[in-house]
Novice: 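Please read through the structure below; I'll follow up with questions.
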Number of protein chains: 2
Amino acid sequence: MQKLDTFELASGGLAPERSGEAMLPATRSAWLVEHLRQALLDGRYPPGSRLNEVHLSQELDVSRTPVRAALQTLAGEGLLHHQPNKGFTVREFLLTELVEAYDMRALAEGLAARFSAERGLSDDARRTIDAALSDGDRALSGSDDLEAQRAAYAQMNQAFHGAVHTAAKSDLVREVVRICQRVPQASAHNVVAFDLAGIRRRHDMHHAIYHAILAREPQEAERLMREHVVSVKISMIENIARRGR
Amino acid sequence: MQKLDTFELASGGLAPERSGEAMLPATRSAWLVEHLRQALLDGRYPPGSRLNEVHLSQELDVSRTPVRAALQTLAGEGLLHHQPNKGFTVREFLLTELVEAYDMRALAEGLAARFSAERGLSDDARRTIDAALSDGDRALSGSDDLEAQRAAYAQMNQAFHGAVHTAAKSDLVREVVRICQRVPQASAHNVVAFDLAGIRRRHDMHHAIYHAILAREPQEAERLMREHVVSVKISMIENIARRGR
DNA sequence: GCTACTCATATTGTACACATTTTTGATCAG
DNA sequence: CTGATCAAAAATGTGTACAATATGAGTAGC
């Protein structure tokens, strides 16, 4: 039978910083939800591992009650799995699910682009996207080393896609995208570790998508965004295959 | 744990029936999650209304602890909204979100059909869909009154779509569809209250989709399923507009 | 009459005690 | 050694007390 050993985070002063910081969540529960969600998305807890309520509460220096509250919320979000009388475990995602997440995300982000084109961009949104694209142009034309360019692109990429999601003004689309990015490795900052030529090509697609949205061409914007995400998917699959060898 | 039978014996009025049923959840929390989720999807709690923990626990005859557990889970699922120190409120969905839910669902169900066609149907799935479609044929060719035909079609419709979702073998797709159906009026049994001609037309589309899946034609299956859901969306919008007058 | 303040009440957040279930692992028969 | 048995230990589920916060009624001051 599978080992049900409880997973403990190597805790060297892991207890959360709670004093002197700005904009802290109002309650312990809310803080724990954010903290644990980030830890899970970062993969700091091994998939399938069991989260022991007592250990967590001791490590994080709160009682079991807010820990349970956070775990229940995260289970509702689908990041954790819950079995009655057996507790919470970190949800495992198969490789097939990663690929499916990209297929789904291509459709959801395509819809976001369609809605953005239909509804038009606010001045604020336009400024945000302009800035993101300019940052990308600058980063890719500069002579920084590859890693710096990748980092800059990653940040720009998130800003661009985030702005489109916001411009779509659809909570539903945002939620679906979030669900797709829940699968580890599917989040935006993990998908850019490819070759520079690919990054340039994808950046050009960003420009094209922006252009279609500005021109109020919903069908074209949706088509381009789908293509864009699918191309990221393909790159990622190639990347995994390359690493596999 | 405190005696569970205390609750069962004491349950006199508002408290839900729990004895004699098969497959009831192992814990109070799990039962509450199911009970409250169904109540919310049925619209038994007004959108925006506040859910008082003490009142709920009294009505349902449990302590606050499992009530809070259930509310936290449902908030994670997005059916409730939570504000620190102010409690849980029933999430409100705007009319635009209902329409968006259909757009998103068309894409998600289309993906389900694509995956089903790619992966092929199990004997079990084929039997299920065969039965559903035959039921539909029989109901629509019979001479029952309109309401009976609608009811039969509603049940068949759910069976058909459910079978396709299952055949897609993708948790992600299932989750996205669930999110789309979370919007009140978007669930399958609410969308069939249209004219008989429309029902017949949609039933024909079911046959066509099934045919494409059986023939292992992913693109065609996806295209047909999208058209199908969009046609339901349009009927629903017309229906709402008609009622609006 | 209106605003701002005060305090009583209601509601939510947290800790903890205890009941129940699961898991562990020591023991023993074969 | 293998597998079953069963009691101890550990972990989760639930109830409840109390703390922190929000709410609302009433009142003083203008």
Side-chain angles (χ1 to χ4, degrees), chain A residues 1-9 11 15-16 18-19 23-36 45 48-76 80-91, chain B residues 1-11 15-16 18 23-36 45 48-76 80-91:
Chain A
M1 186 198 278
Q2 183 177 349
K3 192 159 185 257
L4 276 180
D5 216 0
T6 62
F7 175 78
E8 299 177 39
L9 202 53
S11 64
R18 299 238 294 288
S19 56
M23 289 306 297
L24 294 176
T27 65
R28 288 160 164 69
S29 305
W31 187 89
L32 284 171
V33 169
E34 290 186 20
H35 176 82
L36 291 173
Y45 295 97
S49 66
R50 187 164 170 181
L51 296 180
N52 184 301
E53 296 173 4
V54 175
H55 295 169
L56 275 176
S57 64
Q58 286 170 352
E59 287 161 15
L60 302 171
D61 197 24
V62 294
S63 79
R64 275 179 61 211
T65 306
V67 170
R68 283 177 65 81
L71 296 179
Q72 273 141 3
T73 297
L74 294 169
L80 298 176
H81 184 62
H82 178 69
Q83 286 179 283
N85 293 312
K86 296 181 77 184
F88 297 86
T89 51
V90 179
R91 172 158 169 189
Chain B
M1 196 196 293
Q2 282 75 10
K3 291 277 183 210
L4 283 171
D5 51 9
T6 299
F7 171 75
E8 294 181 10
L9 294 173
S11 67
R18 287 178 84 215
M23 292 303 299
L24 32 100
T27 65
R28 286 161 161 75
S29 305
W31 186 88
L32 284 171
V33 169
E34 291 186 17
H35 176 80
L36 291 173
Y45 293 97
S49 65
R50 187 166 170 182
L51 296 180
N52 185 300
E53 297 173 5
V54 176
H55 295 168
L56 275 177
S57 63
Q58 286 170 351
E59 284 164 17
L60 302 170
D61 199 24
V62 293
S63 80
R64 275 179 61 210
T65 305
V67 170
R68 281 178 67 81
L71 296 179
Q72 273 141 3
T73 296
L74 293 169
L80 298 176
H81 184 63
H82 177 69
Q83 283 179 286
N85 293 312
K86 295 180 79 183
F88 297 87
T89 50
V90 179
R91 173 159 169 187

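Keep in mind that this is a model prediction, so the values were computed, not measured. Quick note on labels: first sequence line is chain A, next is B, and so on, each numbered from 1. Both backbone and side-chain heavy atoms feed into the values below; hydrogens, waters and symmetry mates do not.
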Novice: Would you kindly give the CD-to-P distance between A/Glu53 and C/dA17, to the nearest whole Å?
Specialist: 16 Å

Novice: If I take atom CG in residue A/Asn52 and atom P in nucleotide D/dA10, what distance separates them, rounded to the nearest angstrom?
Specialist: 11 Å

Novice: Please tell me which of the listed nucleotides, D/dT14, C/dG13, D/dT12, lies nearest to the side chain of A/Val54?
Specialist: D/dT12

Novice: Within the structure shown, what part of the strands sits under 4.0 Å from B/Leu51 by heavy-atom distance: base, sugar-phosphate, or nothing?
Specialist: sugar-phosphate

Novice: To the nearest Å, give me how far apart CG (B/Leu60) and C1' (D/dG15) are.
Specialist: 16 Å

Novice: Determine the minimum heavy-atom distance between A/Pro84 and B/Thr27, stating which atoms define it.
Specialist: CB-CG2, 3.9 Å

Novice: Determine whether B/Leu60 and B/His35 make a side-chain contact, defined as any pair of heavy atoms from C-beta on separated by less than 4.5 Å.
Specialist: yes

Novice: Nearest whole Å is fine: how far is D/dT12 P from B/Arg68 CZ?
Specialist: 19 Å

Novice: Listed by chain and number, what are the salt bridge (Lys or Arg N to Asp or Glu O under 4.0 Å) partners of B/Arg64, not counting sequence neighbours?
Specialist: B/Glu53

Novice: Looking only at heavy atoms, what is the nearest atom pair of A/Phe88 and A/Ala75, with distance?
Specialist: CE2-CB, 3.9 Å

Novice: Look for any protein N or O under 3.5 Å of an N or O in nucleotides 22-24 of chain D and output each such pair with its distance, or none.
Specialist:
none

Novice: For the residue pair B/Ala70 and B/Leu36, what are the closest heavy atoms and their distance?
Specialist: CB-CD1, 4.1 Å

Novice: Of the options B/Leu51, B/Leu32, B/Val62, which is the one that meets B/Leu56 in a side chain to side chain contact (heavy atoms under 4.5 Å, CB included)?
Specialist: B/Leu51

Novice: Give the rounded distance in Å between these two atoms: CH2 of B/Trp31 and P of D/dG13.
Specialist: 18 Å

Novice: Could you check A/Arg91 against A/Leu80 for side chain to side chain contact (heavy atoms under 4.5 Å, CB included), going step by step and ending with a plain yes or no?
Specialist: CA-CA 5 Å; A/Arg91 172 158 169 189; A/Leu80 298 176; 5.9 Å; no

Novice: For A/Gln58 and D/dA10, give me the distance from atom CD to atom C1', rounded to whole Å.
Specialist: 12 Å

Novice: What is the distance from CD of B/Gln83 to P of D/dA20, rounded to the nearest Å?
Specialist: 22 Å

Novice: Please check the phosphate of C/dG13 (OP1 and OP2 only) for any side-chain N or O of A/Arg28 closer than 4.0 Å.
Specialist: no

Novice: Would you indicate, yes or no, if D/dT14 has its OP1 or OP2 atom less than 4.0 angstrom from a side-chain nitrogen or oxygen of B/Ser29?
Specialist: yes

Novice: Could you tell me the separation between the CZ atom of A/Arg50 and the CD atom of A/Gln83, rounded to the nearest 0.5 Å?
Specialist: 9.0 Å

Novice: Tell me, please, which residues at least two apart from A/Thr65 pass side-chain contact (heavy atoms from CB on, under 4.5 Å).
Specialist: A/Ser63

Novice: Which comes earlier along DNA chain D counting from the 5' end, the contact point of A/Ala26 or that of B/Ala69, where each point is its nearest nucleotide?
Specialist: B/Ala69

Novice: Quick test: give all pairs of protein nitrogen or oxygen and nucleotides 16-19 of chain D nitrogen or oxygen below 3.5 Å, distance rounded to 0.1 Å.
Specialist:
residue, atom, partner, partner atom, Å
D/dT16, O4, B/Thr65, OG1, 3.4

Novice: Looking only at side-chain atoms of B/His82, point me to the closest of C/dG13, C/dT11, C/dA15.
Specialist: C/dG13

